[in-house]
K.L.:
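Here it is: the structure, laid out below.
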2 protein chains.
Amino acid sequence: MAKDNTVQSYAESAKTYDLAKYAKPSVTADIIIFTIKRSELKVLLIKRKAWPFKNLWAIPGGFVGINEPLDEAAERELMEETGLKDVYLEQLYTFGEPKRDPRTRVITVAYYALISSDNMRLKATTDASDVRWFSIDEIPKLAFDHNQILDYALQRIRNKIEYTDIAFQLLPEKFTLTELQGVYEVILGKKLDKRNFRKKVKEIGIIMPLHETKMEGAHRPAQLFSFKGSSRNRKKDENILKPAKKI
Amino acid sequence: MAKDNTVQSYAESAKTYDLAKYAKPSVTADIIIFTIKRSELKVLLIKRKAWPFKNLWAIPGGFVGINEPLDEAAERELMEETGLKDVYLEQLYTFGEPKRDPRTRVITVAYYALISSDNMRLKATTDASDVRWFSIDEIPKLAFDHNQILDYALQRIRNKIEYTDIAFQLLPEKFTLTELQGVYEVILGKKLDKRNFRKKVKEIGIIMPLHETKMEGAHRPAQLFSFKGSSRNRKKDENILKPAKKI
DNA sequence: TCAAAAGTGTTGTGTGTACACCCATGT
DNA sequence: ACATGGGTGTACACACAACACTTTTGA
């Protein structure tokens, strides 16, 4: 059982009570904030003002406080960037390549958030020109390993939209079936059949017709629906994989 | 944009170049090691010898070296505990509640490993009596938040066995269809239909019949198969969700 | 009256599920 | 000859995919 001599095993350290003996990495929480706007999936990026990667765009993030839970760090960051809270937030993956930040060792716990298009104008776009929504097919080269993190987030939501109800997190309280279908189409990147789609979501019973319609444009008004599922804000431990009804 | 005054945002810190100003947490990699033995799903646990949680069982883990990638820390830990390398290893989730370790702030990046029953006797059981395989339905109260971590790992493999080929990681190179079915049954916790199971795995084309049979007991010998899929050891970035053929 | 999106059913195809008997071996 | 697990096929139910026309509105 050969030990690396710069690193002590957990069991051993327990003997000595000595946890503070070794150099510690910095830990940040980065958050990929998704929304849908003009039928496109968008991500919020911020422009770096200083070395390293000066003038490159990056995923927002910040240090995790020494007494702060990881989720709260991500929530705080989300609040700082968008002014929003109680949105869908899920831990994505932890990235820790030693050289990912040229300054020092930084391990980042990546989260992603899905926010509804109606709340969206609150902040972010107001804040100078160094914070912007990017359509996911116009993502530039990003700072650090952020392209990789973003790709991973995209994979995750593309997978997860097929067997959970995350799609509703991207819509306002009231929405039409065409809007709902649009969310699926833009995330999956393919057209769906209108009749089959409507049949399925209706028989799953996850939406509720309202006594309202939405009129816009010169055509028949659309029935409005609302989401029946558990409300927008999830409890901490619900990040735990929960396979919902497949759509 | 209200800032917490003990914590600085990433964008701001970039201005000042100052990353080392704040207290840093310790970071560990914990690893849940699964195997199958006597038709039971088992987990490797170690007994703690000191405060905190003295004499409780715990998931093996250790500090992440300051220049060590997270995956390597997990691999190293796995090697220390079992003597094995090149096994299936996947990042699970990162746990960081401030009070999860009473000594100081410790964030743990949890991994899980699946190891094949044939390599299994190499280590671990040789090492005193404070390392043991526990059947997953006889898990005692564990140290730290390790029960939660283990539950999460179980959920993950139960989910993932349905749409990936991780099951093969728990079998030796050569196996019978009954053994393969056993892996599914013990992980899903339910009986499967023999004919349907065999039909499906065969039509997926992920296994290859060998010119060998396995005789044991007083009955007809069983055809041996081997796994066609990508080899046992995965490259780093392949942890990235890869939806394989559903079984 | 025209353009534009909303709304609505049926049929074929494929996939999952339920189910029972013969085979090869060791004792 | 018998006990033990290995091995095989068919029929039914259900889910998914393909597909076109009518309705309601504003201009």
Side-chain angles (χ1 to χ4, degrees), chain A residues 36 38-39 117 159 161-165 167 171-172 174-186 188-226 243-247, chain B residues 36 38-39 117 159 161-165 167 171-172 174-186 188-226 243-247:
Chain A
I36 287 182
R38 280 180 278 105
S39 300
S117 39
N159 259 294
I161 200 175
E162 302 221 56
Y163 56 94
T164 68
D165 41 27
L171 288 170
K174 301 170 182 181
F175 52 85
T176 68
L177 292 181
T178 304
E179 287 164 350
L180 179 59
Q181 186 175 341
V183 173
Y184 279 85
E185 289 180 340
V186 72
L188 295 175
K190 66 180 181 199
K191 288 282 171 208
L192 300 176
D193 180 85
K194 183 161 55 159
R195 280 172 290 187
N196 293 337
F197 181 82
R198 291 159 106 95
K199 194 193 319 162
K200 205 172 352 179
V201 298
K202 283 182 180 171
E203 84 189 6
I204 286 177
I206 201 145
I207 54 171
M208 221 174 75
L210 303 175
H211 298 289
E212 279 179 84
T213 55
K214 177 175 188 174
M215 297 198 301
E216 74 173 0
H219 54 82
R220 179 170 175 176
Q223 172 72 246
L224 281 167
F225 290 82
S226 73
K245 313 273 170 83
K246 173 162 178 174
I247 297 190
Chain B
I36 288 183
R38 280 180 279 106
S39 301
S117 40
N159 259 295
I161 200 174
E162 301 222 53
Y163 56 94
T164 68
D165 41 28
L171 288 171
K174 302 171 181 180
F175 51 86
T176 68
L177 293 181
T178 303
E179 287 164 350
L180 179 59
Q181 184 175 342
V183 173
Y184 279 85
E185 289 181 339
V186 73
L188 295 174
K190 65 181 180 195
K191 288 283 171 207
L192 301 176
D193 180 86
K194 183 161 58 159
R195 279 173 291 187
N196 294 337
F197 181 83
R198 292 159 106 97
K199 195 195 317 165
K200 201 167 6 173
V201 299
K202 283 181 180 171
E203 85 192 3
I204 286 175
I206 201 145
I207 54 169
M208 220 174 73
L210 303 174
H211 299 288
E212 279 179 82
T213 55
K214 178 176 187 175
M215 297 197 301
E216 70 173 4
H219 53 82
R220 180 171 173 178
Q223 174 71 246
L224 281 167
F225 291 82
S226 73
K245 315 275 172 79
K246 173 164 178 175
I247 296 191

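By convention in this document, chain letters (A, B, ...) are assigned in the order of the sequence lines, proteins followed by strands, and residues within each chain are numbered from 1.
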K.L.:
Between B/I207 (CD1) and D/dG7 (C1'), how many Å, whole number?
P.N.:
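Value for this atom pair: 13 Å.
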K.L.:
How close do A/E185 and A/L192 get, heavy atom to heavy atom, and via which atoms?
P.N.:
OE2-N, 2.9 Å
K.L.:
Where is the tightest heavy-atom contact between B/K194 and B/Q181, given as atom of each residue plus distance?
P.N.:
CA-OE1, 3.7 Å
K.L.:
Please give, in whole Å, the distance from D/dT8 P to B/F197 CZ?
P.N.:
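The distance from CZ of B/F197 to P of D/dT8 comes to 14 Å, rounded to the nearest Å.
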K.L.:
Which pairs, protein N/O on one side and nucleotides 9-14 of chain C N/O on the other, fall under 3.5 Å?
P.N.:
unit_1	atom_1	unit_2	atom_2	d
C/dT10	O4	A/K199	NZ	3.4

K.L.:
Of B/F225 and A/K194, whose closest DNA chain D nucleotide lies nearer the 5' terminus?
P.N.:
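By nearest-heavy-atom nucleotide position, the 5'-most residue is B/F225.
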K.L.:
List in chain and number order the residues that pass side-chain contact (heavy atoms from CB on, under 4.5 Å) with A/K214, two or more places apart in sequence or in another chain; answer none if no residue qualifies.
P.N.:
A/T176, A/E179, A/E216, A/L224
K.L.:
Could you tell me which residues satisfy side-chain hydrogen bond (donor to acceptor under 3.5 Å, both in side chains) with A/Q223, sequence neighbours excluded, listed by chain and number?
P.N.:
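By the side-chain hydrogen bond (donor to acceptor under 3.5 Å, both in side chains) rule, A/Q223 matches no residue at all.
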K.L.:
Start at the 5' end of DNA chain D and walk down; is the nucleotide closest to A/R220 or to B/R220 reached first?
P.N.:
B/R220
K.L.:
Quick check on contacts: within residues 211-219 of chain A, what sits under 4.0 Å from DNA chain D by heavy-atom distance?
P.N.:
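Within residues 211-219 of chain A, the residues near DNA chain D are A/G217, A/A218, A/H219.
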K.L.:
In whole angstrom, give the distance that lies between atom NZ of A/K191 and atom P of D/dA17.
P.N.:
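Nearest whole value for this atom pair: 17 Å.
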K.L.:
Taking CG from A/L192 and C1' from D/dA17, how many angstroms apart are they, rounded to a whole number?
P.N.:
12 Å
K.L.:
How would you label the contact of B/T178 with the nucleic acid (heavy atoms, under 4.0 Å): base, sugar-phosphate, or nothing?
P.N.:
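Since only primed, P, OP1 and OP2 atoms lie under 4.0 Å of B/T178, the category is sugar-phosphate.
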K.L.:
Which whole-number value in Å describes the distance from B/E203 CD to D/dT8 P?
P.N.:
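Value for this atom pair: 14 Å.
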K.L.:
Once side-chain contact (heavy atoms from CB on, under 4.5 Å) is applied, do any residues pair with A/S226, and if so which ones, sequence neighbours excluded?
P.N.:
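If we apply the side-chain contact (heavy atoms from CB on, under 4.5 Å) test to A/S226, skipping adjacent residues, the hits are A/M208, A/L210.
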K.L.:
Any chance you could lay out the side chain to side chain contact (heavy atoms under 4.5 Å, CB included) test for B/T213 and B/R220, step after step, and finish with the verdict?
P.N.:
CA-CA 10 Å; B/T213 55; B/R220 180 171 173 178; over 6 Å; no
K.L.:
Take the protein atom CZ of B/R198 and the nucleotide atom P of D/dG9, then report the distance between them rounded to whole Å.
P.N.:
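Those two atoms, CZ and P, are 12 Å apart.
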K.L.:
Only counting residues at least two apart or in another chain, list the ones meeting side-chain contact (heavy atoms from CB on, under 4.5 Å) with B/V183.
P.N.:
B/I36, B/I161, B/A167, B/L170, B/L171, B/I187
K.L.:
What distance separates B/F197 CZ from B/L180 CG, expressed to the nearest 0.5 Å?
P.N.:
3.5 Å
K.L.:
For A/Q223 and D/dT25, what is the distance between atoms CD and P respectively, to the nearest whole Å?
P.N.:
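Computing the A/Q223:CD to D/dT25:P distance gives 13 Å.
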K.L.:
Where do A/Y184 and A/T164 come nearest, in terms of heavy atoms and distance?
P.N.:
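Taking every non-hydrogen atom into account, OH-O, 4.1 Å.
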